[in-house]
Amino acid sequence: MSALKVAWLIAKKDLQVERRSRIITNQVVPFAGVTMVIFGFALDANTDVLALVAPGLVWLATMFSLLLLVQRTFSVEADDGALDAMRVAGVDARAIFLGKAFGLVIQLLALEVLLLFAAVVLYGETIRLSGAVLLVTTMISATCGLAAVGTLYGGLAAGSKGRETLLPLLTLPAVAPVLIGATRAVESALGTGAAELSDGWQWVSLLTVFAVAFGVGGALAFGPLIDE
Amino acid sequence: MPRPVDANDVASDVVIELREVVATLGQFPALSGATMQVDRGDIVLLRGSNGAGKTTLLRLCAGLLPVARGTASVLGHDLVTERDLVRPHVGLLGHQNGLYSDLTVAENVRFWAATVGASSDEVDAAMERMGVAGRLAGVAVAKLSAGQKRRTALAALVARRAQLWLLDEPHAGLDQLGREELDSTLRQAAASGATILVASHELDRAESLATRTIDVIAGQTHDAGESK
């Protein structure tokens with residue numbers, strides 16, 4: 001069976017587990033929503049300022065939620081030794097990496113749509129039609145990068161002591177380029193602070209390079225990492 | 001080079017062959033000259049005190065530990081040069097079952113079967129054989145008893161066509177009925193051609209199940225002969 005088919009099986013299984021457990025809808029989405037509200041409190045509910053920083057706040061909330069999603073996706077595997085069982089069964093480590101990353105991409109994209117909606121409602125952000133293609137492209141490329149980093153470090157931390165604290169320590173510095181690039185690109189897509197639409201595509205290029213580098217590197221490194 | 005064992009090939013009855021095998025865990029010599037031969041359909045009890053090397057022996061046969069010295073083959077594959085080819089044909093069950101608690105019995109067995117491209121007929125047959133078909137098939141694993149979880153894990157092994165079953169303390173956590181069901185399941189599996197290695201401290205029960213016993217003492221193996 002090809003690695004891509006097995007990856008698809010693993011992604012489908014992860015999404016099925018999440019649909020059944022409702023952890024995302026009952027815990028992760030409310031957490032992301034509360035984070036957006038708290039950002040509002042921190043900035044004195046000043047809608048001018050909030051609209052200006054909304055793209056950055058959306059990506060910050062996404063990153064915090066990423067940590068929860070990665071912890072969750074690997075605890076599902078660790079609870080009854082399923083990740084070990086996959087390795088014992090000779091399941092290709094690249095397929096495990098790609099499958100888990102793809103499952104995260106789907107979950108994160110759904111969350112980002114909700115966070116954008118929250119930014120419109122809570123911060124008075126506006127979404128312009130002319131920036132829609134850039135916005136969607138940014139979301140996809142940034143999310144692929146986040147999912148690749150999250151899966152790589154989630155797998156590394158899964159077998160470690162203190163994995164709950166180790167994961168943010170490893171992941172947040174590594175995804176800083178995504179935070180910067182995705183924020184700038186979304187500012188361009190939304191026209192925040194008079195940002196030009198054309199400027200956003202340079203950032204999308206950076207996000208794509210990041211996603212490919214961590215996607216390929218992660219797939220190759222994942223086997224030795226989880227075997228350790 | 002030894003050729004892979006075919007399930008229908010009566011000439012290749014030797015499933016495990018170890019000669020003076022040495023394996024280390026870090027600097028610690030976990031096996032120091034293990035020699036044994038296991039034939040198709042055998043149920044072999046590995047008997048020994050804690051730390052004697054029983055689990056290490058199982059992990060070595062699963063292709064999870066490298067052979068430092070000596071010669072070893074499992075299912076016709078050399079454990080020094082072809083460890084990755086051994087894994088897909090071997091099932092290792094330790095204290096954990098490798099199941100997803102939010103998924104049903106059928107969904108779990110289907111997932112593991114799909115990783116090797118097994119058909120839905122094979123899944124149905126495996127669940128039938130392990131007594132988890134019918135009403136149990138639609139029950140979430142989280143709601144099963146310890147014995148039912150064990151049988152679900154064994155159904156997954158059958159569905160993914162594992163020829164060699166390596167079981168570490170399989171009776172742990174099971175009540176009397178669960179133990180009897182497990183023994184009956186293992187005897188049926190051996191009669192159908194599976195080869196089973198059991199590491200257990202519950203000697204009375206395991207000795208009545210096994211066809212042969214091998215003592216593991218300080219990383220060495222001693223054939224204690226056929227069981228009564």
Side-chain angles (χ1 to χ4, degrees), chain A residues 1-28 69 72-100 102-103 107 158-159 222-228, chain B residues 26 58-66 74-75 77 82-104 106-118 140-144 146 149-150 152-153 156-157 159-162 164-166 168 173:
Chain A
M1 204 154 179
S2 78
L4 281 180
K5 275 188 181 169
V6 177
W8 173 237
L9 272 175
I10 291 169
K12 258 196 334 188
K13 179 267 298 170
D14 276 4
L15 294 173
Q16 198 174 17
V17 167
E18 291 314 327
R19 191 165 50 89
R20 198 67 57 74
S21 69
R22 296 176 191 270
I23 297 279
I24 292 185
T25 47
N26 294 350
Q27 292 177 23
V28 179
L69 290 173
R72 167 73 187 151
T73 194
F74 281 99
S75 77
V76 163
E77 300 295 343
D79 282 349
D80 198 22
L83 188 60
D84 285 344
M86 273 200 248
R87 294 301 287 144
V88 172
V91 176
D92 191 331
R94 291 169 303 175
I96 301 175
F97 175 85
L98 291 174
K100 299 211 76 72
F102 188 65
Q107 295 169 45
F222 199 66
L225 279 181
I226 58 173
D227 275 350
E228 284 298 311
Chain B
L58 292 179
R59 291 177 64 80
L60 181 117
C61 291
L64 293 175
L65 277 182
V74 170
L75 293 161
H77 295 293
E82 301 177 315
R83 271 202 298 156
D84 286 347
L85 298 179
V86 170
R87 289 183 183 184
H89 306 290
V90 172
L92 173 64
L93 271 187
H95 301 292
Q96 295 177 305
N97 294 308
L99 300 174
Y100 299 98
S101 58
D102 290 309
L103 300 185
T104 65
E107 286 165 346
N108 269 284
V109 178
R110 250 184 251 131
F111 169 72
W112 286 107
T115 60
V116 294
V141 164
K143 294 180 180 163
L144 299 181
K149 284 180 186 170
R150 232 353 148 185
T152 304
L157 285 192
R160 71 170 187 79
R161 305 164 183 159
L164 173 61
W165 299 11
L166 306 167
D168 198 357

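Just so it is clear: chains get the letters A, B, ... in the order the sequence lines come, proteins before strands, and each one is counted from 1. The structure presented is a predicted model; accordingly, all values stated were derived computationally and were not measured.
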> At a 4.5 Å cut-off on heavy atoms, which part of B/Leu99 comes close to chain A: side chain, backbone, both, or neither?
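Interface part for B/Leu99: both.
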> Report which part of A/Val91 has an atom under 4.5 Å of a heavy atom belonging to chain B: side chain, backbone, both, or neither.
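Side chain only.
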> Check each atom of B/Asp84 against the heavy atoms of chain A and say whether the ones under 4.5 Å are side chain, backbone, both or neither.
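When you check distances to chain A, no heavy atom of B/Asp84 falls under 4.5 Å.
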> Do you know which two heavy atoms are closest between A/Val6 and B/Thr115, and how far apart they sit?
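Closest approach of A/Val6 to B/Thr115, heavy atoms only: CG2-O, 4.2 Å.
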> Measure A/Val88 against the heavy atoms of chain B and call it side chain, backbone, both or neither at under 4.5 Å.
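Contact with chain B is through both the backbone and side chain of A/Val88.
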> Can you say whether A/Ala95 sits under 4.5 Å from chain B via the side chain, the backbone, both, or neither, judging by heavy atoms?
neither
> Against chain B, label A/Arg19 side chain, backbone, both or neither, depending on which of its atoms sit under 4.5 Å from a heavy atom there.
neither
> Give the minimum heavy-atom separation between B/Glu107 and A/Gln16, together with the two atoms involved.
OE2-NE2, 3.1 Å
> Can you name the nearest heavy-atom pair linking A/Ser21 to B/Asp102, along with the distance?
CB-OD2, 3.5 Å
> Indicate the atoms forming the closest heavy-atom contact of B/Trp112 with A/Ala82, along with that distance.
CH2-O, 3.8 Å
> First locate atom CG of A/Leu83, then atom CD of B/Gln96, and finally report the distance between them rounded to the nearest 0.5 Å.
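So the CG of A/Leu83 and the CD of B/Gln96 are separated by 11.0 Å.
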> With a 4.5 Å heavy-atom cut-off, do B/Phe111 and A/Ile10 have their side chains touching?
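They are in contact (side-chain heavy atoms under 4.5 Å apart), so the answer is yes.
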> Under a 4.5 Å cut-off applied to non-hydrogen side-chain atoms, are B/Thr104 and A/Arg20 in contact?
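Yes, at least one pair of side-chain atoms sits under 4.5 Å.
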